Student: 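Once you've had a glance at the structure underneath, I'll fire off some questions.
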Amino acid sequence: MRLTDTLTGELVELPPPKDGPIGMYVCGPTVYQRAHIGNARPYVVFSWLANWLRYRGYDVTYVHNITDVNDKIYEAAPGHSAERARDATQWYLDDTDAFGLGRPDVLPLATETIPEIVGLIEQLVASGHAYESEGDVYYRVTSFHSYGKLSGQRPDQVEEQEPNPRKEDSRDFALWKANKPGEDTSWESPWGLGRPGWHIECSAMAAKHLGPEFWIHGGGMDLVFPHHENERAQSLAAGHPYAKVWMHNGLLRFTGEKMSKSVGNVASIQDVIAEWGAETALLFFLTAHWRKPIDFSPETMAAAKAQADSFRNLSVSIKAGGTPLNEWSRVEEALDDDFNTPAVLAVLHEWRSRGHISLVTKGLDIFGLGSLTSEKPAPHEIVELADRRLAARAQHDFAEADRLRTEIEAAGWEVRDIPGAQHQILPRT
RNA sequence: GGCGACGUGGCCGAGUGGUUAGGCAGAGGCCUGCAAAGCCUCGUACAGCGGUUCGAAUCCGCUCGUCGCCUCCA
């Protein structure tokens, strides 16, 4: 199993399963509003990856954090940020549950990790990697020799936009922030009342649930700098070897519609699943390699739906389909090679056209799409209409047959004729 | 300005030196009472310019373009 690592830019080979468990830490959303479809990409991709690693025999612990204390939450819900965070966390769980991929093993909240966060900051202060200043605590960037290595940023090029006199150096970043007016959540600390900075939350949560060293750290490409760069600086300075592989998924781009994040009218996960269904949404993510950007638009979603339909139709198509040997290894090879889902999709289409339904189903199952090829029995009244249509056809009463077909379609079902005066009934999509 | 990702046939999208990727859309045909589904046939692409090589979409350089990040957006 090989995966592209952001730090080195190269493929890293995972050890065999017998060598120990695989810890995966993936950055989840800041919960302040309904999550948009772009937020779903890391959830989906890393859920698939965890699933695949388990299939391959690995003992996986998948940790997916929820950032529930943050400026954005204070801004979104002045005076009742905790309540908003609680609500938005539930929205996120509801929305991602709808994909049917299950939940990560651990979904830690920043607000439930305060003691560990404070402890980690104390350790950094004690070792000279951080310093207190008027109730804030800042990380001393110059104290960490390989700052910038993950993102390729040169420390001398990182500049602050607004000067902050409490910092020793403009590149330093906050580990702890003193409570400010208008912030309705705060915790006691050795530096007074305040709340954690964003980056330290993840360093603490990862260590708490996976230990000081683990295999995979994932998240969106937009988090490489500063978030992950800073996490790395904090954790390594604290003596944690931290992640061995950094995986960053490509961003989802909103195109073809008048949507932009700044305007705030981007499609939510909820909207997309309501409009297109979870299966089409999953197939959409499957079409692009996880590292590449992907465009979200009516056109690309329609194309994904067409592909999903082609797999659905396999369940009712009549094929010979032999019993191929060693075909499954093609899926294994594609996924073991940097988790190449588009390559798998090509293999699945090939099997589909050859009628290898059990192989296709087995492949789709990895991605939570096994339902595409499963039969959905029609209700009795629909079956009865379809049988009457069959009888009408047999008597060449085509007007009646067409009328019944229209009636069946109006009820949300579709009849397809197959040789031998038979038919099959499936839901319309 | 700095750093990073990317640029493949109408569209989406694999492919890290030499073999047909695959899908969607479209055209023609078969099947069908008519459809639907399915099946058959049809596309020789790799931003541009140089270079390396017997040979490059694939390696190197430059140019152009798109996108992301640059202190709290997955």
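What you see is a predicted model; the values in this text were computed from it and never measured.
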Student: Expressed as a whole number of Å, how far does the P atom of A37(B) sit from that of A25(B)?
Tutor: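 So the two P atoms sit 9 Å from each other.
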Student: With a 3.5 Å limit on both atom pairs, tell me what A37(B) is paired to, counting Watson-Crick and G-U wobble, or say none.
Tutor: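 Pair assignment: A37(B) / none.
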Student: Aromatic ring centroids of F214(A) and Y242(A) under 6.0 Å?
Tutor: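 For F214(A) and Y242(A), the ring centres are under 6.0 Å apart.
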Student: Could you let me know what U53(B) is paired to, Watson-Crick or G-U wobble, both distances under 3.5 Å, or none if it's on its own?
Tutor: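 Answer to the pairing question: none, since U53(B) forms no Watson-Crick or G-U pair.
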Student: Rounding to the closest angstrom, what is the interatomic distance between U53(B) and C59(B) at atom C1'?
Tutor: 10 Å
Student: Which heavy atom of L314(A) sits nearest a heavy atom of I357(A), and at what distance?
Tutor: CD2-CA, 3.9 Å
Student: Under a 3.5 Å cut-off for both distances, is G7(B) Watson-Crick or wobble paired, and to whom?
Tutor: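 Base partner found: C64(B).
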Student: Taking the same atom, P, in A14(B) and in U52(B), what whole-Å distance lies between them?
Tutor: 32 Å
Student: Select from P29(A) and E350(A) the residue whose nearest nucleotide in RNA chain B is closer to the 5' end of that strand.
Tutor: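 The answer here is E350(A).
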Student: Find the distance H289(A):NE2 to A5(B):P and express it as a whole number of Å.
Tutor: 14 Å
Student: Which whole number of Å gives the distance between the C1' atom of C11(B) and that of C49(B)?
Tutor: 28 Å
Student: Using atom C1' of each nucleotide, how far apart are U41(B) and U20(B) to the nearest Å?
Tutor: 15 Å
Student: Using Watson-Crick or G-U wobble geometry with both distances under 3.5 Å, which nucleotide pairs with G43(B)?
Tutor: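 Its partner: none found.
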Student: What distance, rounded to whole Å, do you find between the two C1' atoms, one in U58(B) and one in G7(B)?
Tutor: 14 Å
Student: Side-chain N or O of K292(A) versus OP1/OP2 of C12(B): is the shortest distance under 4.0 Å?
Tutor: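 No, no such contact exists.
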Student: Tell me whether the side-chain N or O atoms of R291(A) pair up with the base of C6(B) as donor and acceptor below 3.5 Å, since no angle test is needed here.
Tutor: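 No such pair is found, so the answer is no.
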Student: May I ask you to decide whether R2(A) forms a salt bridge with D338(A), counting only side-chain N to carboxylate O separations under 4.0 Å?
Tutor: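 So R2(A) does not pair with D338(A) through a salt bridge.
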Student: Starting at the 5' end of RNA chain B and moving along, which residue's nearest nucleotide shows up first, M221(A) or R195(A)?
Tutor: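 Residue closer to the 5' terminus by nearest nucleotide: M221(A).
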Student: Can you see if the side chain of N340(A) gets near the phosphate of G13(B) - specifically, an N or O under 4.0 Å from OP1 or OP2?
Tutor: no
Student: Does the structure show a Watson-Crick or G-U wobble partner for U16(B), both distances under 3.5 Å? Name it, or say none.
Tutor: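 Checking every strand shown, U16(B) finds no partner, since no pair has both distances under 3.5 Å.
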Student: Using 4.0 Å as the upper bound for N to carboxylate O, is an ion pair formed by R312(A) and D309(A)?
Tutor: yes
Student: Could you work out which one of G23(B), A35(B), A14(B) sits closest to the side chain of R405(A)?
Tutor: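 The listed nucleotide nearest to R405(A)'s side chain is A35(B).
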Student: Do the side chains of R140(A) and D169(A) get close enough for a salt bridge, i.e. N-O under 4.0 angstrom?
Tutor: no
Student: Suppose you measure atom P in G15(B) against the same atom in U8(B); what distance do you get, rounded to whole Å?
Tutor: 14 Å
Student: Using atom P of each nucleotide, how far apart are G23(B) and C39(B) to the nearest Å?
Tutor: 10 Å
Student: Of the nucleotides G22(B), C3(B), A36(B), which has the atom closest to the H349(A) side chain?
Tutor: G22(B)
Student: What I want to check is whether an N or O donor and acceptor connect the side chain of D417(A) with the base of C34(B) at under 3.5 Å.
Tutor: yes
Student: Is the closest side-chain heavy-atom distance between W328(A) and H356(A) below 4.5 Å?
Tutor: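 Side-chain contact under 4.5 Å: no.
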